[in-house]
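Report on the structure given below.
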There are 2 protein chains.
Amino acid sequence: MNVANPRFDVYEDRCPTRLVLDRLADKWALLLMLRLTDGPLRFNQLKRDIKGISQKVLSQTLKKLERDGLVTRTVYPTVPVTVEYALTPLAATLREPVEALTRWAETHMPAIAAAQQAYDAGIETR
Amino acid sequence: MNVANPRFDVYEDRCPTRLVLDRLADKWALLLMLRLTDGPLRFNQLKRDIKGISQKVLSQTLKKLERDGLVTRTVYPTVPVTVEYALTPLAATLREPVEALTRWAETHMPAIAAAQQAYDAGIETR
DNA sequence: CGGCATCCATACCGATACTG
DNA sequence: CAGTATCGGTATGGATGCCG
């Protein structure tokens, strides 16, 4: 990612897998989309739900997702203003593979934790 | 990720999905495992194959994967020394969901690119 | 409420030099 | 070959203050 362009980064070539991996390899992006699968949510609602995310990063991440066509941003002219974020049909197609991944995560978390403990123990006594 | 601990980061609580997402949300980690699915490879071979990765980052990433029990590191006492990295059975179970994700990436890359262009065009003329 | 602008700390990453 | 150590620039993220 560069910042030369004041707008957004321009990705210079490379294979498509690499490009998309670059985007999906974002902790918050996946988490956000997961949270939105049940329906649209407002900005501060997301901020509350996804504990630990700052408003700055939330804002940035939503903007990226919007640019990638994965999320829509709808403004309702209430007072004060209401903004809703929702998944697009494109994002809906992403749901299955992402859920497969989270299922894997939940299933194998214990194995990973065990591997870490073994690894760390091995280093301690070296 | 912190660096307070000279060893590795200690993750303080949170849900498992979050923890694992933290690890998988790593461009190089996914790429590396993808490259290793065809069989074990040596350090410099990986460095050559995964174009753009520095030897420092490669080393760090492999170490993380090893700690998580996803990759094994085997040293053969040749001269000079030979080191092979291979996926573990645990990593093999990760293969399917990851490939589903990359299939999605390749399929929907055009749609994403189109969405970006539309988005950027909209901003230009604002 | 839903942000953006700014400031500041630090995490990260590449380049380089050195070692078993 | 397969790394580790160090240094310096940069990108990133949190905290704060302000605005429509």
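A note on names: the letters A, B, ... follow the listed sequences, proteins ahead of strands, and every chain is numbered from 1. FYI, side chains are in, hydrogens and waters are out, and symmetry mates aren't considered; it's all heavy atoms of this structure. What you see is a predicted model; the values in this text were computed from it and never measured.
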Under 3.5 Å, sequence neighbours excluded: what are the donor-acceptor pairs made by side chains of residues 29-41 of chain B?
from  : atom 1 : to    : atom 2 : distance (Å)
B:R35 : NE     : B:D49 : OD2    : 2.9
B:R35 : NH2    : B:D49 : OD2    : 3.0
B:T37 : OG1    : B:L34 : O      : 2.7

Contact letters for nucleotides 14-19 of chain D, in which S counts primed atoms plus P, OP1 and OP2 and B counts the base, heavy atoms under 4.0 Å: BB-B--

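Within residues 70-80 of chain A, the residues approaching DNA chain C are A:R73, A:P80, by heavy-atom distance under 4.0 Å. The stretch residues 34-46 of chain B touches DNA chain D through B:R42, B:F43, B:N44, each having a heavy atom within less than 4.0 Å of the strand.
Residues that satisfy the side chain to side chain donor-acceptor pair (under 3.5 Å) test with A:T82, not counting sequence neighbours, are A:T78. Residues forming a salt bridge (charged side-chain N to carboxylate O under 4.0 Å, His left out) with A:K27 (at least two apart in sequence, or on another chain): B:D22.
The stretch residues 86-98 of chain A participates, sequence neighbours left out, in these salt bridge (Lys or Arg N to Asp or Glu O under 4.0 Å) pairs: A:R95-A:E99, A:E96-A:R103. Within the structure, ring pair (Phe, Tyr, Trp, His ring centres under 6.0 Å) pairs that include any residue of residues 27-82 of chain A do not occur (at least two apart or interchain). Counting only residues at least two apart or in different chains, salt bridge (Lys or Arg N to Asp or Glu O under 4.0 Å) contacts with residues 68-84 of chain A comprise A:R23-A:D68. The ring pair (Phe, Tyr, Trp, His ring centres under 6.0 Å) analysis of residues 86-115 of chain B, with sequence neighbours excluded, yields the pairs B:W104-B:H108.
Minimum atom distance to the side chain of A:Q60 is reached by D:dG13, of the listed C:dG3, D:dG13, D:dG20.
In the helix from C:dC1-D:dG20 to C:dG20-D:dC1, the end axes, each obtained as the rotation axis mapping the C1' atoms of four pairs onto the next four within a five-pair block, lie 50° apart to the nearest 10 degrees.
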